[in-house]
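Everything below concerns the one structure shown next.
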Amino acid sequence: MRAIIIGGAIAGLSTAWWLRREGWETTVVERGPAPSPATGLAALDAPESADGTLDRGYVIDYFGPGYDTLERMGLRERVHEYGLGLNALRYRKADGRHSARIDASVPARVTGGRYLTLLRGDLEGVLREALGPEADVRYGTGIEEVHQDDEGVTAVLTDGSTERADVLVGADGIHSRTRRLVFGPESRYRRYLGAHAAAYVFTDPELMAVLANEFQAVEAPGVQAGMYRLSDTAGAAFLCHLSPDGSLPQDPQARLREVHGDLGWLVPRLLAACPPRPYYDEVEQILMPGWSDARVVLVGDACQAVSLMAGQGASMAVAAAEVLGRELGRVAGAGAGAGPAEEIAAALRRYEGRVKPVIDAKQRAGRGLARWFVPATPTRLFVRRQALRLSSTPLAERVMRPFLASPRDTPLDAPVEGARP
């Protein structure tokens with residue numbers, strides 16, 4: 001059996017790995033260009049970093065169900081090779097004075113060491129490597145049309161080619177074109193969380209010496225500017241601010257300088273290094289009543305976006321890909337009985353039934369935490385600072401444990417009868 005996977009990032013590559021393991025043929029279609037041969041932090045020297053972008057993506061904290069999946073894929077040690085070694089998250093007031101610090105040893109202890117901070121693109125690179133050079137991954141093209149019938153699904157690609165398969169997987173991110181073609185416009189499913197976020201890389205050796213191995217964030221009501229070290233010469237910025245208007249500005253650089261311009265310490269230097277076109281997007285979730293339609297199914301941020309306020313987006317994408325792959329693996333080995341269309345539909349229902357309750361809970365948690373991610377008022381900011389100051393205490397670790405530890409014996413992690421070991 002064959003699957004076309006639209007999207008060659010974390011969700012798409014993970015899905016391809018699990019489907020191939022279950023005996024499926026796969027074709028991964030990615031609209032972006034082929035990745036740079038530079039890997040890890042060496043990508044900072046690649047030409048694409050000159051305009052503030054970074055082929056290896058931006059920093060994520062990786063833990064939870066997806067960590068368990070990577071371990072089952074045999075990739076735990078390989079992924080840990082890309083750990084950034086950030087040893088703390090330090091908050092500062094608008095004038096640069098220290099306000100709170102979270103030591104990285106806290107989540108490490110809570111998770112039993114099953115916690116890693118790395119660049120999103122490095123996780124993607126490990127997954128691409130694991131998929132192997134023989135895998136069919138096509139760059140520079142995307143999905144143009146989708147047509148389904150009783151026998152299969154046809155994808156018309158933007159390069160004019162046509163692909164036929166048993167299943168089409170939309171793993172093309174929060175602004176998924178697959179979702180738009182099959183399930184309707186994004187506006188039906190988008191839930192804006194009241195904030196904008198931006199990220200970019202910059203070169204400043206003196207600033208790197210100050211940052212050392214800490215993620216440092218300068219905060220004020222409604223606004224936050226974070227920065228962290230990537231190498232001896234280069235670092236990355238992550239900025240977030242509240243915005244009642246969900247529309248994106250025509251000039252992101254000017255907007256960032258306007259909103260964050262009153263912050264002190266190293267922020268003016270950080271803003272001066274902002275490129276004309278940084279990564280800039282709304283903070284939002286995708287809420288859908290269902291993730292499949294006949295032979296088309298969604299995975300990752302295309303249907304499961306939890307937002308940076310909830311975290312674990314990459315982890316959940318990898319874990320969901322395992323569930324999807326294992327459930328479709330049951331179709332490939334089903335043999336006689338129900339027809340392929342019925343078997344596929346049943347597999348997609350099982351996948352959704354196991355993963356969606358977990359995603360729904362994380363999305364609810366993300367919406368609840370939104371007002372604390374970038375506090376809107378001085379009072380709320382004060383309360384968050386006090387909570388963060390308690391983060392290294394034994395009581396705080398007990399409170400954090402349910403949020404950081406990998407869930408066991410949940411519908412998402414339950415073994416699949418008949419799946420390959």
Side-chain angles (χ1 to χ4, degrees), residues 1-7 10-28 65-66 68-75 127 130-132 135-136 146 148-155 163-171 178 182 288-300 302-304 315-360 406-421:
M1 303 192 76
R2 183 167 186 260
I4 303 167
I5 301 168
I6 307 300
I10 291 172
L13 295 170
S14 300
T15 301
W17 192 96
W18 282 101
L19 282 174
R20 286 166 61 84
R21 179 180 182 273
E22 295 292 334
W24 283 59
E25 297 179 11
T26 64
T27 294
V28 178
D68 301 333
T69 292
L70 283 183
E71 195 166 52
R72 287 189 285 271
M73 296 169 74
L75 300 178
L127 292 168
L131 195 55
D136 185 8
V146 177
Q148 300 189 70
D149 55 49
D150 293 339
E151 303 300 322
V153 57
T154 299
E163 296 291 336
R164 181 78 171 168
D166 299 283
V167 170
L168 186 143
V169 180
T178 305
V182 178
M288 300 183 68
W291 298 345
S292 64
D293 178 281
R295 293 174 179 268
V296 177
V297 63
L298 303 177
V299 68
C303 61
Q304 302 162 5
S315 174
M316 293 307 304
V318 173
E322 177 184 1
V323 176
L324 178 60
R326 286 182 178 272
E327 292 293 359
L328 285 174
R330 298 173 67 178
V331 176
E342 291 80 6
E343 289 284 351
I344 288 171
L348 300 185
R349 286 194 299 270
R350 291 193 301 269
Y351 150 71
E352 184 176 329
R354 291 173 58 191
V355 180
K356 197 171 189 301
V358 181
I359 294 297
D360 289 346
S406 299
R408 304 293 180 182
D409 301 323
T410 66
L412 189 150
D413 285 328
V416 180
E417 181 182 353
R420 300 186 184 188

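Residues take their numbers from the sequence shown, with the count starting at 1.
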Partner residues of W291 under the ring pair (Phe, Tyr, Trp, His ring centres under 6.0 Å) criterion, sequence neighbours left out: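 Checked W291 against ring pair (Phe, Tyr, Trp, His ring centres under 6.0 Å); matches are Y351.
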Donor-acceptor under 3.5 Å (W24 side chain, L328 main chain): yes
Any donor-acceptor pair under 3.5 Å from S292 side chain to V297 backbone: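 No: the side chain of S292 does not pair with the backbone of V297.
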Trace of the side-chain contact (heavy atoms from CB on, under 4.5 Å) decision for L75 with L127: CA-CA 8 Å; L75 300 178; L127 292 168; 4.1 Å; yes
Which residues share a side-chain hydrogen bond (donor to acceptor under 3.5 Å, both in side chains) with R2, sequence neighbours left out: T27, E163
[atom1]-[atom2] distance between [X] and [Y], expressed to the nearest 0.5 angstrom:
X: R326; Y: R354; atom1: CZ; atom2: CZ; answer: 8.0 Å
X: S14; Y: M73; atom1: OG; atom2: CE; answer: 5.0 Å
X: E25; Y: L19; atom1: CD; atom2: CG; answer: 11.5 Å
X: M288; Y: E352; atom1: CE; atom2: CD; answer: 8.5 Å
X: D166; Y: I4; atom1: CG; atom2: CD1; answer: 9.5 Å
X: E327; Y: E343; atom1: CD; atom2: CD; answer: 11.0 Å

Taking only residues two or more places apart in sequence or in another chain, which ones pass side chain to side chain contact (heavy atoms under 4.5 Å, CB included) with [X]?
X: A16; value: I5, T26, V28, L131
X: A294; value: Q148
X: D149; value: E151, R164
X: T178; value: I6, I143, L168, D172, S176, V296, L298

Under the salt bridge (charged side-chain N to carboxylate O under 4.0 Å, His left out) test, residues paired with D136 that sit two or more places apart: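 Checked D136 against salt bridge (charged side-chain N to carboxylate O under 4.0 Å, His left out); matches are R138.
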